[in-house]
Structures are given as C-alpha cells and as structure tokens.
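Only a predicted model underlies this, so the values are computations on that prediction, with no experimental measurement involved.
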Amino acid sequence: VGLMGNPSDGFRGKTLSFCLHNFAATVTITPSPGKEVTLVPHPVFDGFHFNSLAALNSHSEEKGYDTRSEGSGGGGIRLLQATCRRFAAECLSANVEHKLSSSGFKMQYDTTIPRMVGLSGSSAIVVAAFGFYQITLSDLNISKQDFPQVILDIECVELGIAAGLQDRVIQTYGGLVHMNFGAESEGGGVYTPMDVKLLPEMYLVYNIDLGGDSGGVHANVKERWLDGEQEVHEGMKHLASLVDSARESLTSGNKPALAALMSENFATRRKLYSDEVVGLKNVHVAQVLEDANLAAKFTGSGGAFVCLNRSGLGW
C-alpha cells in the first residue's frame, strides 16, 4: 500500500509504503516426470472454459479479455513465463546453471489480491514465483537491495508493463518502508525500514469496477516529466516533500497531521493527472470518504483507497 507519495515512483521522488497482509499471491511448484515444464492456467484469471454463455459474458465484463501478451490487463500465466525465463537467464549469468535440476515441474499460481485496483497484484505473483530448484538469491549474486529491480525488469523489460520500484521494494522488505528514489544508490534508491507499529488504524476501500491499467495512468505524465515540464517536476517534488512530512507525523504520533497529508497527496495527484485520468467515479468515492470524515488517497494507481479518520481515531 502506498501511504504517501506518487505510486510506483518512476519520477526519482519518494514514497512511504507498507505491506498489507489481508491478501496474498501464492505460487506452487510440483515435480513432474521428465524435463517438461508446465505453467498451469488459473481457472478464473486465465481460463477459457465457461459453464455457459452467460458465465462467459459475466467473466468478460468483470475480468476483461485475455491480453496476456499486452501488459498488465491479462492473466498471470505471462507473469510466470517471464519470471521463469529471467530466472534461467540469471542462473546462466551467475554461472550456476549446473544447479538447474534435470527434473521438470508444474507451476501454478493463486491470488486473493483484488485485480487492477492498485494493490500490486502482478508484482506479487512475480515475487512469489522467483526462485526454485533450491537456488537462492545469494547463489545468483542478487542482493536484497537489488532484487526489486530484478522484479521490475521482469515486468517492464520482458512484458512492457509501465511500473516503478515501490511495490517491488515493499514486497521484498515487508513492514513499513521510507523510499528515496532520488538518492544515489546502486540498487535504485535508499530504502529505510520503519517500525510498523507507528501506523495508526486505517481502512481499505476498493471497488474492482473502478480500477484500470496502471501503465496507462503513468504514461502521459511520464512523458511530460521526461520533457521537463515544470508543473510536473514541481508536483513530483511536492509529493516527495509530503512523504518526509508523513514520516515525521508517524514518528511523532500526529495522526490528524497524517490525515491532512493524505488528502493533500490525493489532491496533488488529481491536479497532475486530471480527473479524467484519475476517474470521475474514483473522485466521487474520495468525496464520499471525505464527507464521512475520512482522509483518503489511492493505494496505487486507482481503484483502492487507504483511509484514516481525520481525528486520528477509529470510527
């Protein structure tokens, strides 16, 4: 969950994120005879068998069409395939291909993470799938600091998904982490774990009908940022400053101040990205939450909100 900053951040800014344990992605690997490797389609997210035409219609309305080769809108099979390919390449690069087992396997995934609402569902599958045959990150000469970049490359380079490091960092480190992507670091940024007990009681609100392709959300603003547009650069700097202020609010226990920063974060992103990109339905949900005295901001690129009572108390 992105608590503060610009989700993903691909703009050399800062984010403050925590790992939510309400949902999870799991990958199961079972041995199979011979050397054959089989990636098992998920019955819901990758399925092509439907109980009826009505079921096909309902599935298509809720999950969309199969776009496994086109980025973040499809099922998870493409994620498994890209992860396996990158894992094999890393083994070759680290000269540990001799450790690759001659036995085949079946790999399948499952996930309870709501899809396409900004809760890091795709990267969670990749993180869960990376590493098998008892080959460790140490064997591959991949440090904890560098691992998020490996996961990001699987999605961006292999599959063309527009994304950033934030989700991969928090899935690697867990807990609560302050991330500075503008700092000089060989691993992409400076990641500072914080005490997760500093987090106040918060609420998660999401609607799978309000989500979308995060790559599409980032594309236009990324282009404007690369073109040096002053408004975008100033906006990203402001979002980064909110992250440092949020860290101070957490460490001092100032929950009302944190709530005010969350609302300001959402308002800044609305200004940068426009209501059309943020989504009018999302804007409406945010207003409903504000009317209920809940400060709200996106957990990611849209569809899910993390909320905090403005008084810093519970309901």
Assign the ring pair Trp225 / Phe11 to parallel, tilted or perpendicular, where the plane angle (0 to 90°) is split at 30° and 60°. perpendicular

Listed once per pair and sorted, the side-chain hydrogen bond (donor to acceptor under 3.5 Å, both in side chains) pairs that draw on residues 226-238, sequence neighbours left out: Arg224-Glu229, His238-Glu264

Looking at Tyr173, is Lys144 sitting on its ring face, NZ or CZ under 6.0 Å from the six-membered ring centre and within 45 degrees of the normal? yes

Using atom types as modelled and distance alone, determine if a side-chain donor or acceptor of Gln145 lies under 3.5 Å from a backbone N or O of Gly189. yes

Nearest non-hydrogen partners of Ile29 and Met107, listed with the distance: CD1-CE, 3.6 Å

With Thr136, which residues qualify under side chain to side chain donor-acceptor pair (under 3.5 Å), at least two apart? Asp139

Using a 3.5 Å distance criterion without hydrogens, assess whether the side chain of Asn254 forms a donor-acceptor pair with backbone atoms of Ala257. yes

Could you see if Tyr273 belongs to whatever hydrophobic cluster contains Val283? Use Ile, Leu, Val, Met, Phe, Trp, Tyr and a side-chain cutoff under 4.5 Å. yes

Ignoring hydrogens and angles, tell me if any N or O in the side chain of Arg247 forms a donor-acceptor pair with the backbone of Val243 under 3.5 Å. no

Measure from NZ or CZ of Arg269 to the centre of the six-membered ring of Phe266 and say whether it is under 6.0 Å with the direction within 45° of the ring axis. no

By side chain to side chain donor-acceptor pair (under 3.5 Å) - contacts of Thr172 (at least two apart): none

Do Phe147 and Phe130 make the cut of ring centroids closer than 6.0 angstrom? yes

Return yes if some donor-acceptor pair links the side-chain N/O of Thr112 with the main-chain N/O of Ala24 below 3.5 Å, else return no. yes

Any donor and acceptor pair, going by atom type alone, linking the side chain of Asn265 with main-chain N or O of Lys297 inside 3.5 Å? no

What's the shortest heavy-atom distance between Gly175 and Ile170, and which atoms? O-CD1, 3.5 Å

Looking at residues at least two apart in the chain, or sitting in another chain, which of them share a side-chain contact (heavy atoms from CB on, under 4.5 Å) with Ala246? Met4, Leu16, Leu258, Leu261

If you take all heavy atoms of Glu158 and Ala82, which pair is closest and at what distance? CB-CB, 3.9 Å

List in chain and number order the residues that pass side chain to side chain donor-acceptor pair (under 3.5 Å) with Ser103, two or more places apart in sequence or in another chain; answer none if no residue qualifies. Ser101

Output all residues satisfying side chain to side chain donor-acceptor pair (under 3.5 Å) with Asp244, sequence neighbours left out; order by chain, then residue number. Lys14, His178

Could you check whether the rings of Phe45 and Tyr109 sit parallel, tilted or perpendicular, using 30° and 60° as the cut-offs? parallel

Would you say Ser143's side chain and Asp146's backbone share a donor-acceptor pair under 3.5 angstrom? yes

If you take all heavy atoms of Asn309 and Asn293, which pair is closest and at what distance? OD1-ND2, 3.4 Å

